Amino acid sequence: MLQVTHVRSLHSGGRRQQQEAVAVDSEPEPFSVFRTQESDPACHSETHIGQYYTLPSAHIRTLFPSGLPWRYQQQVKTFNEACIMVRQPSLEVISYLKKTDYSKPALRYLFYGQKGTGKTISLCHAVHFCYTQGWLVLHIPDAHQWVKNCKELLPSSYNASRFDQPLQATTWLRNFRLTNERFLSKIKTKHRYMWTKREFTEEGSLLGELVDQGISRVKSSSDVVGAVMKELRLQSGQPGSDFHLAVAVDGVNGLWGRSTIKKEDRSAVDPEELTLIYNLRKLMRNDWTGGAIIATLSQTGSLYTPKSAYLPQELLGERGFDSMDPFIPVSVPNYSEKEFESCYLYYMDRHWLQHPQSER
Amino acid sequence: WYAIALQTSLLSFVCRVFLVRWSRYNPYYLEPEVSKEAYSRPETELSAEEKEQRELKALRPIKAATSGVSSSVFDDPVISKFINMMMEHGNKVLAREIMTQTLENIKKKQVEKYHKASEGEREAIECNPYTIFHQALENCKPVVGLASIQKGGKYYQVPIPLTDNRRRFLAMKWMITECRDNKHRRTHMYEKLSQELLAAFGKEGNVMKKKYELHKMAEANRAYAHYRWW
């Protein structure tokens, strides 16, 4: 338990004292300067900037079966808890989400910034907020995984010129089923889908059945993904539906870039020829209402982009920028002095900084 | 080889990098002192010999420091030696990377154990990877070694005392060969090293077995100890 009195700050004590005073007022027991007891993202505000809040482990298992970055997952395993720092960019997006009018077309928020500044974690913070508000979350952990290292590529059954990726589609459907359990038995399909000559899904059947169909029949799973996206897009703004749709895509610049997947005659596949990418691009257009699209740019996983590129113009390219336009860019900077100190104290508390010099 | 390179350099072309360190320094040259603490001590704290040493250093020329040492707080001569021993084909970058990953891995495992343990057990768990590394190496150092001494036409394995440097070298060598040869092919070196170091810290594992076997052999050959003449 870190006592507030013996924490030494690197910079002036004026701001810290002010923050302490606020902390004492709102929480009866000041736990520490860098942690907050508020685990509900809806209640986070400017006063909590720089403080870590704990994500409940039940939420992590359902919300992020594979959504968190690998190094963060290892950190969660080591520290036995998942803490995210409340920062300005995600607070901004959450405040916009609270105030939007959901009868208007969906707004697109784009997190951009240098490598390693926290874009994915800000996205996860926003997604956690949507989940706690009871929205339906469509989370694509990394769009780049769909355009590279493809082990199986099948020609699409629906459209001869496109290609299917059964493995990626089935994993995504499984994660989707885990995240949105409660909606699967509530939403009904509005169209009739024919998978083969004998298998079809009737109009008015539950979304859960559609998802199970995709997981069991691996060959048509990419088409099922497309169908799910179409259904949710059509139904989300309607007066009858009671849910909001949150589309969260990490590495959105992969949708409009190039891919390393090769056809049998060794020519490169354009991302447009992949069913998953095609359907996801349709979802990214703002012609539907009743939700929001939150995306992140990423240079680390992207193909054929220079290492120094981080601005939306450079990473999305011409086609991407034109299709994403208009969007709300949110810049994610590096840690400020206060955030850095908070991070340092957190690591000291978790016994991660072991060197004797680190106490100074 | 380096001496010849120096001589030819005077005759033909001038090398871009003049290899000074391994050329035979004049014994007049003194070793460099890298740590900052040695210089920050005030005049009053030093004994007479240390004052003399300081004055000598002000007058005499000093050898160039190797690129492996630094005046950073994280610099450790034992760790540097271990990195040099792990290095293959001069790839110091890779050896250092493996070492940092090993230390991080050890810290991760220990911190995980720490957080999962109950209050009473927490004090016993050591989380600092440097102390674990040093302690593991200490546990692996053999006390006596064997030398092959010829007496009356036959060679006998005679127990002999070892210098500190030799003991340290043997401990590191055993650790590295054990990790390279006797582990599963597909695990990373840092994973193998961290497992072996943690086992040695707890006085178990293959390297400890090797040390105990050496001690047993030395104990068995105790009768020949008087064959040693130094």
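Just so it is clear: chains get the letters A, B, ... in the order the sequence lines come, proteins before strands, and each one is counted from 1. What you are looking at is a predicted structure, and each value in this text was computed from that prediction instead of being measured.
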**Fill in**
Here the pair of heavy atoms bringing H351(A) nearest to Y114(B) is NE2-OH, 3.3 Å

**Item:** Atom pair OG1/NZ of T78(A) and K113(B) - distance to nearest 0.5 Å
**Value:** 14.0 Å

**Prompt:** From K108(B) NZ over to F79(A) CZ, what is the distance, rounded to the nearest 0.5 angstrom?
**Reply:** 10.0 Å

In terms of heavy-atom contacts, does [atom1] of [X] have more than 12 from other residues, nucleotides or ligands at under 6.0 Å?
X: R71(A); atom1: CZ; answer: no
X: K192(B); atom1: NZ; answer: yes
X: K115(A); atom1: NZ; answer: yes
X: Y212(B); atom1: OH; answer: yes
X: K57(B); atom1: NZ; answer: yes

**Request:** Give a yes or no answer on whether the side chain of H115(B) reaches the backbone of R350(A) with a donor-acceptor pair at less than 3.5 Å.
**Result:**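 It does hold such a pair.
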
**Message:** Need one label for Q74(A): side chain, backbone, both or neither, based on atoms under 4.5 Å from any heavy atom in chain B.
**Reply:**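 Answer is side chain: those atoms of Q74(A) sit under 4.5 Å from chain B.
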
